[in-house]
Amino acid sequence: MQKHLLAIIVGLGLTGSAVYLVVAKPIAAAQSGQSSAVFDSDGKLKLPDPRTFRRWVFVGAPLTPNALNNGKANFPEYHHVYIEQKNVDAYLKTGEFPEGTIIVKELTRVLDPAFPDGSRKEPSGRGYFNGQYNGIDVTVKDSKRFAKTNGWGFFTFGHHPLPYAQSAEEAPASECASCHQTFVAKTDMTWVQFYPLLRDKDPK
């Protein structure tokens, strides 16, 4: 009797495990394809949470300071660029970002320039150093939503010190998308040449 009872318990356990695997795998797969981009009922993108995106993969920080651009750089700040790990992995494998990819560019001003070229001197030497936060820009890949701009939408939450807008409308194509289409359409609308992690990916 005890042997039969044990066999029944083991059988139920194995059946339950099989059901869990069948059900859980599709759920996990669905979750892995979810986008972190959140839109409101008006189609505006909600401001990404810094506590979340600062834990993503940091792919680089280009800098074009005012002092090196006749005082009128389009983006005079550091561009701290973050992408979720799963989407970085996908790009490294395929050369394209998956649908739903969100790329966050957090801006920081150059710390208190002391020389005409915008640099300053610190114990580590003369150079450029991060100052205050000064804005957030976001790009989202959604081929249906942004079909007119090569599948990517561009959003600006402010180019100024904190606080930022809590939501943003898609930027006009003339402000962002057109530049990306002109110069980086072949690399999935992304300036991968500035980010060694993406630029120098293993072709295998």
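One is the number of the first residue; the rest follow in order along the sequence.
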Nearest non-hydrogen partners of Gly135 and Tyr164, listed with the distance | N-OH, 2.9 Å
Can you measure from CH2 (Trp191) to CZ (Phe183) and round to the nearest 0.5 angstrom?
-> 6.0 Å
Less than 4.5 Å apart, any side-chain heavy atom of Ile136 and any of Phe53?
-> yes
ILVMFWY network linking Tyr78 to Val57, side-chain heavy atoms under 4.5 angstrom = no
To the nearest 0.5 Å, tell me how far Trp56 CH2 sits from Asn87 CG.
-> 8.0 Å
Check whether any side-chain heavy atom of Leu111 lies under 4.5 Å from a side-chain heavy atom of Asn130, and answer yes or no.
-> no
Kindly compute the distance separating CD1 (Ile102) from OH (Tyr82), expressed to the nearest 0.5 Å.
-> 13.5 Å
So, Ser167 side chain and Leu45 main chain: donor-acceptor pair closer than 3.5 Å or not?
-> no
So, does Thr64 use its side chain to make a donor-acceptor pair with the main chain of Phe75 at under 3.5 Å?
-> yes
Would you say Ile83 and Leu198 make side-chain contact, with heavy atoms under 4.5 Å?
-> yes
Hey, are Glu99 and Ser143 close enough side-chain-wise for a donor-acceptor pair under 3.5 Å?
-> yes
Rounded to the nearest 0.5 Å, the CG atom of Leu107 sits from the CD atom of Gln132 at a distance of 11.5 Å
With no hydrogens and no angle check, do the side chains of His159 and Asp137 hold a donor and an acceptor under 3.5 Å apart?
-> yes
Carboxylate-amine/guanidinium contact Asp49 Arg51, below 4.0 Å | yes
Aromatic plane relationship, His180 with Phe154 - under 30° parallel, 30 to 60° tilted, over 60° perpendicular = tilted
Is there a side-chain contact between Tyr195 and Pro62, using heavy atoms and a 4.5 Å cut-off?
-> yes
Pro116 to Ala67 - nearest heavy-atom pair and separation = O-CB, 3.4 Å
Ignoring hydrogens and geometry, is there a side-chain-to-backbone donor-acceptor pair from Asp142 to Phe146 under 3.5 Å?
-> no
Hey, is CD on Glu122 packed in by over 12 heavy atoms from elsewhere, all under 6.0 Å?
-> yes
Looking only at heavy atoms, which two atoms of Ala171 and Cys176 are closest? And how far apart?
-> CB-SG, 4.2 Å
Find out whether Val81 and Phe194 are in side-chain contact, i.e. whether some heavy atom of one side chain is under 4.5 Å from a heavy atom of the other.
-> no
Backbone N/O of Asp112 and side chain of Arg120: donor-acceptor pair under 3.5 Å | yes
Under 3.5 Å: donor-acceptor pair, side chain of Thr94, backbone of Glu96 = yes
Answer yes or no: does atom CZ of Arg54 have more than 12 heavy-atom neighbours from other residues, nucleotides or ligands under 6.0 Å?
-> yes
For the residue pair Gln181 and Thr149, confirm or rule out a side-chain donor-acceptor distance under 3.5 Å.
-> no
For the residue pair Val110 and Phe129, establish whether any side-chain heavy-atom pair is separated by less than 4.5 Å.
-> no
Steps toward side chain to side chain contact (heavy atoms under 4.5 Å, CB included) verdict (Phe39, Lys46) | CA-CA 6 Å; Phe39 295 90; Lys46 294 186 178 181; over 6 Å; no
What distance do Thr190 atom OG1 and Phe97 atom CZ have between them, rounded to the nearest 0.5 Å?
-> 4.5 Å
Would you sort out whether Lys86 and Val88 count as a side chain to side chain contact (heavy atoms under 4.5 Å, CB included), showing the intermediate values?
-> CA-CA 6 Å; Lys86 63 182 181 181; Val88 170; over 6 Å; no
For Val138 and Phe157 the tightest heavy-atom approach is CG2-CE1, 3.7 Å
Enter the distance from Glu84:CD to Ile103:CD1 here, rounded to the nearest 0.5 Å.
-> 11.0 Å
Any donor and acceptor pair, going by atom type alone, linking the side chain of Asn134 with main-chain N or O of Thr108 inside 3.5 Å?
-> no
Counting only N and O atoms by type, is there a donor-acceptor contact under 3.5 Å from the side chain of Asp42 to the main-chain atoms of Lys44?
-> no
Of all heavy-atom pairs linking Gly153 and Glu170, the shortest is CA-OE2, 4.2 Å
Start with the C-alpha distance between Leu63 and Leu68, add both sets of side-chain angles, then the distance that settles side chain to side chain contact (heavy atoms under 4.5 Å, CB included), and finish with yes or no.
-> CA-CA 10 Å; Leu63 172 65; Leu68 299 182; over 6 Å; no
Backbone of Gly71 reached by a side-chain donor or acceptor of Asn69 within 3.5 Å | no
Partner of Tyr133 under side chain to side chain contact (heavy atoms under 4.5 Å, CB included), chosen from His80, Arg109, Glu77, Glu106 = Glu106
Side chain to side chain contact (heavy atoms under 4.5 Å, CB included) between Asp188 and Trp152: does it pass, once the steps are laid out?
-> CA-CA 9 Å; Asp188 206 0; Trp152 287 84; 3.1 Å; yes
Nearest heavy-atom contact between Arg199 and Gln193 is NH1-O, 3.1 Å
